[in-house]
J.: 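Below you'll find the structure I mean.
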Amino acid sequence: EIGLWDVDEINGTMFWPARVKAMFGIAPDAPVSMADFYAGLHPDDFEATAAAYAAAADPAVRAVYDVEYRTVGRDDGIVRWVAAKGRGVFEHDRCVRVLGTAIDITARKWTEQALRELNETLEQRIVAGMAERKLLSDVVENTTAIIFVADLQYRWMAVNKAAVAAFEGAYGVRPTIGASMLDALDGLPDHRAQVEQIGRAHV
């Protein structure tokens, strides 16, 4: 869906096919001029887009015209995104034409915006989730209740301060994450057997 455009800088006329006119919310059979181009630019993109066109038409600069800008439809008021590329045609020290292409990229821009908003929302949710986990961790860590988690091989996966103090106080061994509770109770066979029995009962 590429639209071609051609500006005659000498005669001050402009060719826009119906496809390009649609990007500016203009009816297919309506006459157009550079005034319609400038009037259709979104206020936030006017300065940069106009400067890019002027640089492309300036014999001293002869820049490539490569811009993305918003338009505000003249007849429908709809905001659209356009990607335009072009360059000037020069005869000695004057620009006689500027011509190029334009593509409506509105759908792509809205998709990009939706993805940005989704990423921002996801980031906020992750931050909130981490804060909730931190709060829960702090509560568990600082409670006086004895809390520990072990896997099926009796290895400690999580132990709060109260559980560490209680276990160390009772058995003289300090629990560490990844260590085996059974190995810690090797010197206390009765207690080791009791732990194994409790473990089997809850599997």
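Worth saying up front: this structure is predicted, and the values here are computed from it rather than measured.
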J.: Applying salt bridge (Lys or Arg N to Asp or Glu O under 4.0 Å), name anything that partners Asp45, two or more places apart in sequence or on another chain.
T.: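 Residues passing salt bridge (Lys or Arg N to Asp or Glu O under 4.0 Å) with Asp45: Arg70.
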
J.: Any idea which heavy atoms bring Val98 and Cys95 closest together, and the distance?
T.: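 Distance-wise, the nearest heavy atoms are CG2-SG, 3.7 Å.
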
J.: Members other than Leu118 in its cluster, when Ile, Leu, Val, Met, Phe, Trp, Tyr link by side-chain heavy atoms under 4.5 Å?
T.: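 When side chains under 4.5 Å apart are linked, Leu118 ends up in no cluster with other residues.
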
J.: Restricting to non-hydrogen atoms, name the atom on Leu4 and the atom on Val20 that form the minimum distance, rounded to 0.1 Å.
T.: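 Minimum heavy-atom separation between Leu4 and Val20: O-CG2, 3.7 Å.
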
J.: Can you give me every donor-acceptor pair (side chain of residues 80-93, partner residue at least two apart or in another chain, under 3.5 Å) with its distance?
T.:
{"from": "Arg80", "atom 1": "NE", "to": "Ala22", "atom 2": "O", "distance (Å)": "3.4"}
{"from": "Arg80", "atom 1": "NH1", "to": "Asp76", "atom 2": "OD1", "distance (Å)": "3.4"}
{"from": "Arg80", "atom 1": "NH1", "to": "Asp76", "atom 2": "OD2", "distance (Å)": "3.4"}
{"from": "Arg80", "atom 1": "NH2", "to": "Asp76", "atom 2": "OD2", "distance (Å)": "2.7"}
{"from": "Lys85", "atom 1": "NZ", "to": "Asp66", "atom 2": "OD1", "distance (Å)": "3.4"}
{"from": "Lys85", "atom 1": "NZ", "to": "Asp66", "atom 2": "OD2", "distance (Å)": "3.1"}

J.: May I have all residue pairs that pass salt bridge (Lys or Arg N to Asp or Glu O under 4.0 Å) and include part of residues 21-30, sequence neighbours excluded?
T.: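 For residues 21-30: none.
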
J.: Run the side chain to side chain contact (heavy atoms under 4.5 Å, CB included) test against Arg116 and tell me which residues pass, sequence neighbours left out.
T.: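 Side chain to side chain contact (heavy atoms under 4.5 Å, CB included) list for Arg116, sorted by chain: Glu112, Gln113.
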
J.: Is there a path of hydrophobic side-chain contacts, each under 4.5 Å between heavy atoms of I, L, V, M, F, W or Y residues, that connects Met14 with Tyr38?
T.: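 Same cluster.
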
J.: May I have the step-by-step check of ring-ring contact (aromatic ring centres under 6.0 Å, His included) for Phe37 and Trp5, ending in yes or no?
T.: CA-CA 11 Å; Phe37 168 69; Trp5 51 269; 7.8 Å; no

J.: Arg19 and Ile2: which non-hydrogen atoms are nearest, and at how many Å?
T.: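 For Arg19 and Ile2, the tightest heavy-atom pair comes out as NH1-O, 3.0 Å.
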
J.: Taking the side chain from Thr71 and the backbone from Met23, do they hold a donor-acceptor pair closer than 3.5 Å?
T.: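 Confirmed, Thr71 side chain pairs with Met23 backbone.
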
J.: What pair of heavy atoms forms the shortest contact from Val67 to Ala52, and how long is it?
T.: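 Looks like CG1-CB, 3.4 Å.
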
J.: So Thr49 and His42, do their side chains get closer than 4.5 Å, heavy atoms only?
T.: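 No - every pair of side-chain heavy atoms lies 4.5 Å or more apart.
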
J.: Among residues at least two apart in sequence or on other chains, which ones pass side chain to side chain contact (heavy atoms under 4.5 Å, CB included) with Ala63?
T.: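 Partners of Ala63 under the side chain to side chain contact (heavy atoms under 4.5 Å, CB included) test: Ala55, Val61.
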
J.: Does Val64 sit in a hydrophobic cluster with other residues, and if so which ones, taking ILVMFWY side chains as linked at heavy-atom separations under 4.5 Å, directly or through other members?
T.: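 The other cluster members (ILVMFWY side chains, heavy atoms under 4.5 Å, direct or chained): none.
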
J.: Give the cluster check for Val72 versus Ile103: same hydrophobic cluster or not, with ILVMFWY residues linked at side-chain heavy-atom distances below 4.5 Å.
T.: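 No, no single cluster joins them.
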
J.: Which residue pairs satisfy the side-chain hydrogen bond (donor to acceptor under 3.5 Å, both in side chains) criterion with at least one member in residues 50-64, sequence neighbours excluded?
T.: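 Residue pairs with at least one partner in residues 50-64: Glu9-Tyr53.
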
J.: Through direct or indirect side-chain contacts below 4.5 angstrom among Ile, Leu, Val, Met, Phe, Trp and Tyr, which residues connect to Leu115?
T.: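 In the cluster with Leu115 there is nothing else; it is isolated.
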
J.: Could you list the residues that satisfy salt bridge (Lys or Arg N to Asp or Glu O under 4.0 Å) with Asp36, not counting sequence neighbours?
T.: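 Counting only residues at least two positions away or on another chain, Asp36 forms a salt bridge (Lys or Arg N to Asp or Glu O under 4.0 Å) with Arg74.
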
J.: What residues, two or more places apart in sequence or in another chain, satisfy side chain to side chain contact (heavy atoms under 4.5 Å, CB included) together with Ala51?
T.: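 Partners of Ala51 under the side chain to side chain contact (heavy atoms under 4.5 Å, CB included) test: none.
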
J.: Measure the CG-CZ distance between Leu41 and Phe24 for me, rounded to the nearest 0.5 Å.
T.: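 Reported value, rounded in 0.5 Å steps: 5.5 Å.
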
J.: Sequence neighbours excluded, which residues qualify as side chain to side chain contact (heavy atoms under 4.5 Å, CB included) partners of Asp6?
T.: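 Partners of Asp6 under the side chain to side chain contact (heavy atoms under 4.5 Å, CB included) test: Phe15, Arg97, Leu99.
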
